[in-house]
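Okay, so here's the structure we're looking at.
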Amino acid sequence: MKAAPGFHLGVLAGFSLTGILELNAEVLYTGKGFDSNVDEKLRLAYVEFPLLLALRWPVALSPRLFAGPVVGFEVRCKSSRVLGLGEIACDDALSALRREKTDIGLAFGGGIGTGAGPGAVFLDLWVNQGLRNINQEARPPGWVRNQALLISLGYRYPLRGGP
């Protein structure tokens with residue numbers, strides 16, 4: 001089984017707690033999924049809400065580390081589990097794919113940022129590890145958890161104060 005490439009898009013609000021500690025509340029649209037060795041594909045999309053505690057050093061090339069919980073709600077699912085039909089919606093009567101539509105996980109990672117105009121450009125690398133079993137089927141038995149490796153490129157625009 002191999003991971004399927006996807007993308008994520010979102011917005012964040014950062015709240016400074018101290019000179020180097022901040023709280024980031026984010027809203028992301030994230031694509032996830034897999035391709036199995038037997039021509040089965042599953043494509044999922046979630047609206048996710050990470051709440052991350054971040055350490056950010058206020059220097060010219062500012063490194064940061066972050067971690068925190070993530071709650072995600074499935075907004076799209078397509079499966080190729082039924083042979084001959086191609087990809088169909090997971091909720092289609094022919095699909096019979098039963099899954100948990102709410103995911104809970106942990107995110108952690110790090111990145112760098114640098115001043116650009118009134119704000120800052122940042123590049124982050126992070127892991128979003130699901131903790132909940134999203135497989136509600138008896139066959140195949142076992143745990144299925146979401147896991148995503150995310151690369152984020154963005155711009156932080158200060159609403160008040162510095163970047």
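For the numbers below, each heavy atom of this structure counts, side chains included, while hydrogens, waters and symmetry mates do not.
- Within the 3.5 Å criterion, the main-chain N or O of F122 finds no donor-acceptor partner in the side chain of T114.
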- Message: One pair to check against side-chain contact (heavy atoms from CB on, under 4.5 Å): W57 and L65. What are the steps and the verdict?
- Response: CA-CA 9 Å; W57 289 267; L65 298 172; 4.3 Å; yes
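- Among all heavy-atom pairs drawn from L52 and A107, the shortest one is CD2-CB, 3.9 Å.
- In this structure, L17 places its CG atom where more than 12 heavy-atom neighbours from other residues, nucleotides or ligands lie under 6.0 Å away.
- For N128 and Q147, the side-chain atoms include no donor-acceptor pair closer than 3.5 Å.
- Note on ring orientation: taking the six-membered ring where Trp is involved, the planes of Y29 and F7 are tilted (angle from 30° to 60°).
- Contact detail for L125 and I151: the closest heavy-atom pair is CD1-CG1, 3.7 Å.
- For the pair L28/P50, a side-chain contact is recorded, criterion being any heavy-atom separation below 4.5 Å from C-beta on.
- Between the R132 side chain and the G105 main chain, no donor and acceptor come within less than 3.5 Å of each other.
- Side-chain contact between Y46 and D103 is present, with heavy atoms from C-beta onward closer than 4.5 Å.
- T30 and E48 form a side-chain donor-acceptor contact under 3.5 Å, judged by distance and modelled atom types alone.
- Two rings, from F108 and W126, have their centers 6.0 Å or more apart.
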- salt bridge (Lys or Arg N to Asp or Glu O under 4.0 Å) between K32 and E74, worked out: CA-CA 10 Å; K32 300 179 181 183; E74 180 190 293; over 6 Å; no
- Message: Please determine whether side-chain contact (heavy atoms from CB on, under 4.5 Å) holds for the pair R56 and I20, giving the CA-CA distance in whole Å, both sets of side-chain angles, and the decisive distance to 0.1 Å.
- Response: CA-CA 5 Å; R56 186 166 63 108; I20 63 169; 5.9 Å; no
